[in-house]
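What follows is one structure encoded as structure tokens, with my remarks underneath.
Since this is a predicted model, take the numbers as computed values, not measurements.
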Amino acid sequence: QLYYQVLNFAMIVSSALMIWKGLIVITGSESPIVVVLSGSMEPAFHRGDLLFLTNFHDDPIRAGEIVVFKVEGRDIPIVHRVIKIHEKENGDIKFLTKGDNNEVDDRGLYKEGQNWLEKKDVVGRARGFLPYVGMVTIIMNDYPKFKVCI
């Protein structure tokens, strides 16, 4: 009996891992699903919304688009809107982001001396969302004792 429970659990875990890896390949994003952790993007997205991302490198980044990016020195990706594009003559693009609910742009969040983001900083671009589905993740992070109960 225990053998079948362990085998069943192993199959569930390996199936979830295969689905996750498949999503990475299909979406082109290292993290195809993220949870919005703050209110910086309200009213577009709220804390706990689950975002679905793609990150196809051929797609140009445009002002108004919502991107998820990582900054050197910060572990958690940030979900903000592109507010300004700076395109060089050679085709390289740099861009500036800002949370819809924030007063100032994100230059204060970037690493010291960095004024623009580049495509390499982008984890993905928001393509869809499910409202508040990620609240479970936030509750487990905010209240570690809740994890033990589960």
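Residue Asp58 places its CG atom among 12 or fewer non-hydrogen atoms of other residues, nucleotides or ligands, all under 6.0 Å distant. For OH of Tyr3, the number of neighbouring non-hydrogen atoms (other residues, nucleotides, ligands) closer than 6.0 Å is 12 at most. Sparse packing is recorded around CD of Glu72, with 12 or fewer heavy atoms of other residues, nucleotides or ligands lying under 6.0 Å away.
Taking every heavy atom of both residues into account, Gly99 and Asp106 meet most closely at N-OD1, 3.9 Å. Contact between Gly48 and Val35 at its shortest, heavy atoms only, is CA-CG1, 4.1 Å.
Side-chain contact between Leu109 and His80: present, with at least one pair of heavy atoms (C-beta onward) separated by less than 4.5 Å. Contact annotation: the side chain of Asp121 approaches that of Gln114 to within less than 4.5 Å [non-hydrogen atoms, C-beta and beyond]. You'll find the side chain of Val122 reaches within 4.5 Å of the side chain of Ile61, heavy atoms only. The closest side-chain heavy-atom distance from Leu50 to Tyr132 is not below 4.5 Å. In this structure, Thr97 and Ile83 have side chains that are not in contact, with every pair of non-hydrogen atoms separated by 4.5 Å or more. Considering only heavy atoms from C-beta on, Ile33 stays 4.5 Å or farther from Leu53 through its side chain. When side chains are defined from C-beta on, Tyr4 does not count as touching Phe9, because their heavy atoms never get closer than 4.5 Å. Side chains of Ile93 and Ile85 form a contact here, defined as non-hydrogen atoms less than 4.5 Å apart.
For Phe129, the ring-ring contact (aromatic ring centres under 6.0 Å, His included) test picks out Phe45, with sequence neighbours left out. By the side-chain hydrogen bond (donor to acceptor under 3.5 Å, both in side chains) test, Asn55 pairs with no residue at all, sequence neighbours left out. With sequence neighbours excluded, the residues forming a side-chain hydrogen bond (donor to acceptor under 3.5 Å, both in side chains) with Ser38 are Ser40, listed by chain and number. With sequence neighbours excluded, the residues forming a salt bridge (charged side-chain N to carboxylate O under 4.0 Å, His left out) with Glu118 are Lys94, listed by chain and number.
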As a quick check of understanding, evaluate side chain to side chain contact (heavy atoms under 4.5 Å, CB included) for Arg81 and Met41, giving each step before the final call. CA-CA 8 Å; Arg81 189 177 304 275; Met41 278 304 292; 4.1 Å; yes
Decide yes or no on side chain to side chain contact (heavy atoms under 4.5 Å, CB included) for Arg125 and Asp59, but give the supporting numbers first. CA-CA 10 Å; Arg125 305 175 206 194; Asp59 284 351; 3.5 Å; yes
Derivation and outcome, side chain to side chain contact (heavy atoms under 4.5 Å, CB included), residues Leu51 and Val79: CA-CA 9 Å; Leu51 299 183; Val79 179; 3.6 Å; yes
Please lay out, stage by stage, how Phe52 and Val34 fare under the test side chain to side chain contact (heavy atoms under 4.5 Å, CB included). CA-CA 7 Å; Phe52 300 99; Val34 296; over 6 Å; no
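Between the side chain of Lys119 and the backbone N or O of His57 there is at least one donor-acceptor pair closer than 3.5 Å. A donor-acceptor pair under 3.5 Å is absent between the side-chain atoms of Asn102 and the main chain of Val104, judged by distance alone. When atom types are taken as modelled, the side chain of Arg47 and the backbone of Gly39 share no donor-acceptor pair closer than 3.5 angstrom.
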Distance-only check: which donor-acceptor pairs under 3.5 Å involve side-chain atoms of residues 17-30, not counting sequence neighbours?
unit_1, atom_1, unit_2, atom_2, d
Thr27, OG1, Leu23, O, 2.7
Thr27, OG1, Ser29, N, 3.3
Ser29, OG, Ser31, N, 3.2
Ser29, OG, Ser31, O, 3.1
Ser29, OG, Val123, O, 2.7

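Under the 4.5 Å side-chain contact rule for hydrophobic residues, Ile66 and Val68 share a cluster. Met135 and Val133 fall within a single hydrophobic cluster, where Ile, Leu, Val, Met, Phe, Trp and Tyr side chains are chained together by heavy-atom contacts under 4.5 Å.
Atom CG of Leu96 sits about 8.5 Å away from atom CG of Asn115, to the nearest 0.5 Å. To the nearest 0.5 Å, atom CG of residue Leu117 and atom NZ of residue Lys70 are 14.0 Å apart.
Applying the ring pair (Phe, Tyr, Trp, His ring centres under 6.0 Å) definition to pairs two or more places apart or across chains, those involving residues 83-106 are His86-Trp116.
Counting only N and O atoms by type, the side chains of Arg127 and Thr54 include a donor and acceptor under 3.5 Å apart.
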